[in-house]
Amino acid sequence: MKITNICCIGAGYVGGPTMAIIAQKCPHIKVTVVDLNEDRIARWNDTNLDNIPVYEPGLGTIVGESRGKNLFFSTQVDKAIDEAQIIFISVNTPTKTYGSGKGMAADLKYIELCARQIARVSKDDKIVVEKSTLPVRTAEAIKNILDNTGNGVQFQILSNPEFLAEGTAVEDLLKPDRVLIGGDTTPEGQKAIKALVDIYANWVPNDKILTTNVWSSELSKLTANAFLAQRVSSINAMSELCEKTGADVNEVARAIGMDSRIGSKFLKASVGFGGSCFQKDILNLVYISKSFGLHQVADYWEQVIIMNDHQKRRFSKNIVSTLYNTIADKKIAFLGWAFKKDTNDTRESAAIYVADDLINEQANIAVYDPKVTHTQILSDLDYLETRTTDQNKKFITSFNDPYEACKNAHAIAILTEWDEFKEYDWQKIYDSMLKPAFVFDGRNLLDGAKLKAIGFQYQEIGS
Ligand code: UDX
Ligand code: UDX
C-alpha cells in the first residue's frame, strides 16, 4: 500500500514533534495533526514560530518548513480520520485519579474515545498506530472496539512507542537509537507493519527499525522507562549514602560509568526525576504486575518511585533544617521549574513538590524559569490540591529576570539544569542577597568551588 495521507490525534509533546519530522522527511505524505484543544491548534498555526505550544530546540524551524505544504494542524478530527490511511493515536494517558486503579493504572478514557471516533468515521480500511504509552494488551481493547463498532472496514493495530526525550526531541527523532513497531503475525498485520516501516525508512537505517509482536512492543516501552528511572533512583540512593560517608556521588558516578557494562548515561544525581512518563509508566508496570498476582515484581519496581519521592522530600527538608529550621516569610528563589532543561514541560517536575513542602512552612517562593509561565506554575501547585489558588498566590511569585528573583533572598534552589544559570554574574547575585547566602544545587550544575570563593554557603546533592 502506498501511503500518501496520515493523521495524528493529539498535538502534544509527542504528536507535534513526531509528525513535524515525518512531514519533513516524507514530502510525498500529507500529515495532519488534530487535537480537541482549539487553543493548542491555534498556537501550532501561529505565524510567529516562537509561539508554538511545545518548546524544543530546532522544532520551530522544522514546523515552519513544512507547515501549509504537507504539514497541517487542525481541529477537524473527523475529516482528518476519514482521509488518512494511517492514524496515529498520541493522546495523553495520565494516571487514573478515580475509581479502581486510582493513583496507579493509566487512564484510557481518551484512547477509548479515539477508538470509537475512528470506528464511527472510517469508511475504508485503516492502520491505527498506538503512539501513546499504553498498558500491555491495550491494542487488543482498541481492536475490539474498532471491530465491533465500525462500519465493517478492516483495521490493523500497530504499536509504535515513542522513545524521544523532551528537550532533545528533534535530535532523537532524526537519529533514533531504534524505531520499534509491533504488529500482528498475520499476513495483514505484516503488511501494515511494512507500510509503517516504509515511512521511517525515509530517514532511519533499516537495521535500526525493529519489528516485534504487539505485546512485546507495548511492554518494551514501559520496560525502557522503568530501567532509565531505576538508574536515576539508584544513583540518588547512593547520593544519600555519599553525604553520610564523605564520598562524592559525582566521583562515584564517573567511576562506575566507565565500566562499559554500566555506561555513563543517566547517572546524574538530582533532586529527583520528573516528566510525564517515568512515574506514570512505572506505576503502570506495578499495577499490571499486581493484577497478575506478581507482588514481588510489583514491589521491586515500586521502590524506584518510593526512592524518588524520598529524594524530593529530602531536598526540601534539608533546606528547612539548614535555614535554622525556620523559613516562614523567608524568600527562597527557585532557578528553574521545568522538569529538565530545554523544555517548557513541567509535568511531575521535582520543583512542584519542593515548592509545596516549602510553602507548607510558609516560605515565599520566587521562581525564575526561562520557558515556564506564572499561570503554569500556579496550575501545577493547584493540581496538588494542598491549598486553594488564592493561598498559593500568596506564597509564589514569578520573575522574568533571575537577578530580581534572587534579590533579598535567603537561599537559592536550583531545580532545573538550564545552561544559562552557569553563565550568571554570581558575584552580583551574592551581593543582592541576605547573608548568609545559601545555594542548594539540586542539579549539581554550578561550580561549587567558585560559589564558595564568592562567599556562598553551597550544597550539592551527594557530597
Ligand atoms: C505523550 C503520550 O501520548 C503519552 O502516552 C506519553 O506517556 C507521554 O507523551 P504528550 O504528547 O506528552 O503525551 O501529551 P500531551 O502533551 O498532553 O498531548 C496530548 C494531546 O492530546 C493534548 O493536546 C490533548 O488536547 C489531545 N487530546 C486528548 C485530544 O486531542 N483528544 C482527546 O480525546 C484527548
Ligand atoms: C523519558 C525517556 O527518556 C524517553 O525515552 C521516553 O520516551 C519518555 O520518557 P523524558 O521524560 O522526556 O524522557 O526525559 P528524560 O531525559 O528521560 O529525563 C527524565 C527525568 O529524569 C528528568 O527529570 C531528568 O532531569 C531526570 N534525570 C535524568 C536525572 O535526574 N538524572 C539523570 O542522569 C537523567
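For reference, positions follow the sequence shown, starting with 1. Counting starts at 1 for both ligands and their atoms, in listed order.
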Please could you name the atoms of ligand 2 that [X] approaches to less than 4.0 Å, counting only its heavy atoms?
{"X": "S270", "result": "29 (C), 30 (O)"}
{"X": "L267", "result": "33 (O)"}
{"X": "K221", "result": "6 (C), 7 (O)"}
{"X": "L228", "result": "3 (O)"}
{"X": "C277", "result": "8 (C), 9 (O)"}

With respect to [X], determine whether any N or O atom, backbone or side chain, lies less than 3.5 Å from an N or O atom of ligand 1.
{"X": "V14", "value": "yes"}
{"X": "D281", "value": "no"}
{"X": "C114", "value": "no"}

Out of [options], indicate the one that has the non-hydrogen atom closest to [atom].
{"atom": "atom 20 (C) of ligand 2", "options": "S349, G274, G442, G275", "answer": "G274"}
{"atom": "atom 26 (C) of ligand 1", "options": "D39, D35, T18", "answer": "D35"}
{"atom": "atom 5 (O) of ligand 1", "options": "V34, T133, I111", "answer": "T133"}
{"atom": "atom 10 (P) of ligand 2", "options": "F163, F273, F278, F339", "answer": "F339"}
{"atom": "atom 32 (C) of ligand 2", "options": "K268, K340, R231, Q311", "answer": "K268"}
{"atom": "atom 6 (C) of ligand 1", "options": "Q117, E162, K280", "answer": "K280"}
{"atom": "atom 24 (C) of ligand 2", "options": "E348, K341, R443", "answer": "R443"}

Check [X] against ligand 1 and report side chain, backbone, both or neither, counting heavy atoms closer than 4.0 Å.
{"X": "L36", "result": "both"}
{"X": "S132", "result": "both"}
{"X": "E112", "result": "neither"}

Identify the closest protein heavy atom to [atom]: which residue and atom is it, and at what distance?
{"atom": "atom 2 (C) of ligand 2", "result": "N225 OD1, 3.4 Å"}
{"atom": "atom 12 (O) of ligand 2", "result": "E166 N, 2.7 Å"}
{"atom": "atom 28 (C) of ligand 1", "result": "N92 OD1, 3.5 Å"}
{"atom": "atom 7 (O) of ligand 2", "result": "L164 O, 2.9 Å"}
{"atom": "atom 27 (N) of ligand 1", "result": "V91 CG1, 3.7 Å"}

For F72, does the six-membered ring have the charged nitrogen or CZ of K30 within the cation-pi criterion, i.e. under 6.0 angstrom from the centroid and within 45° of the normal? yes
Check whether Y353 forms a cation-pi arrangement with R313 (NZ or CZ under 6.0 Å from the six-membered ring centre, at most 45° off the ring normal). no
Does the plane of the ring in F440 sit parallel, tilted or perpendicular to the ring in F315? Use 30° and 60° as the thresholds. perpendicular
Can you classify the ring geometry of W418 versus Y55 as parallel (below 30°), tilted (30 to 60°) or perpendicular (above 60°)? tilted
So for atom CH2, which belongs to W215, do other residues, nucleotides or ligands contribute more than 12 heavy atoms lying within a distance under 6.0 Å? no
Return the CD to CG distance between Q76 and D82, rounded to the nearest 0.5 Å. 11.5 Å
Under 4.0 Å, heavy atoms only, figure out whether ligand 2 is touched by the backbone of I235, its side chain, both or neither. neither
Go through it in stages, so that I can follow the logic: the residues are D357 and S316, the test is side-chain hydrogen bond (donor to acceptor under 3.5 Å, both in side chains), and I'd like the CA-CA distance, side-chain angles, deciding distance and then a yes or no. CA-CA 6 Å; D357 283 351; S316 45; 2.5 Å; yes
Side-chain donor-acceptor pairs of residues 223-230 under 3.5 Å, sequence neighbours excluded:
from	atom 1	to	atom 2	distance (Å)
T223	OG1	L219	O	2.6
N225	ND2	D281	OD2	2.7
Q230	NE2	Y300	OH	2.9

Looking only at the aromatic ring of each residue, does the gap between the centers of Y368 and F399 stay below 6.0 angstrom? no
I'd like to know if R347 contacts ligand 1, where contact means a heavy-atom distance under 4.0 Å to any ligand atom. yes
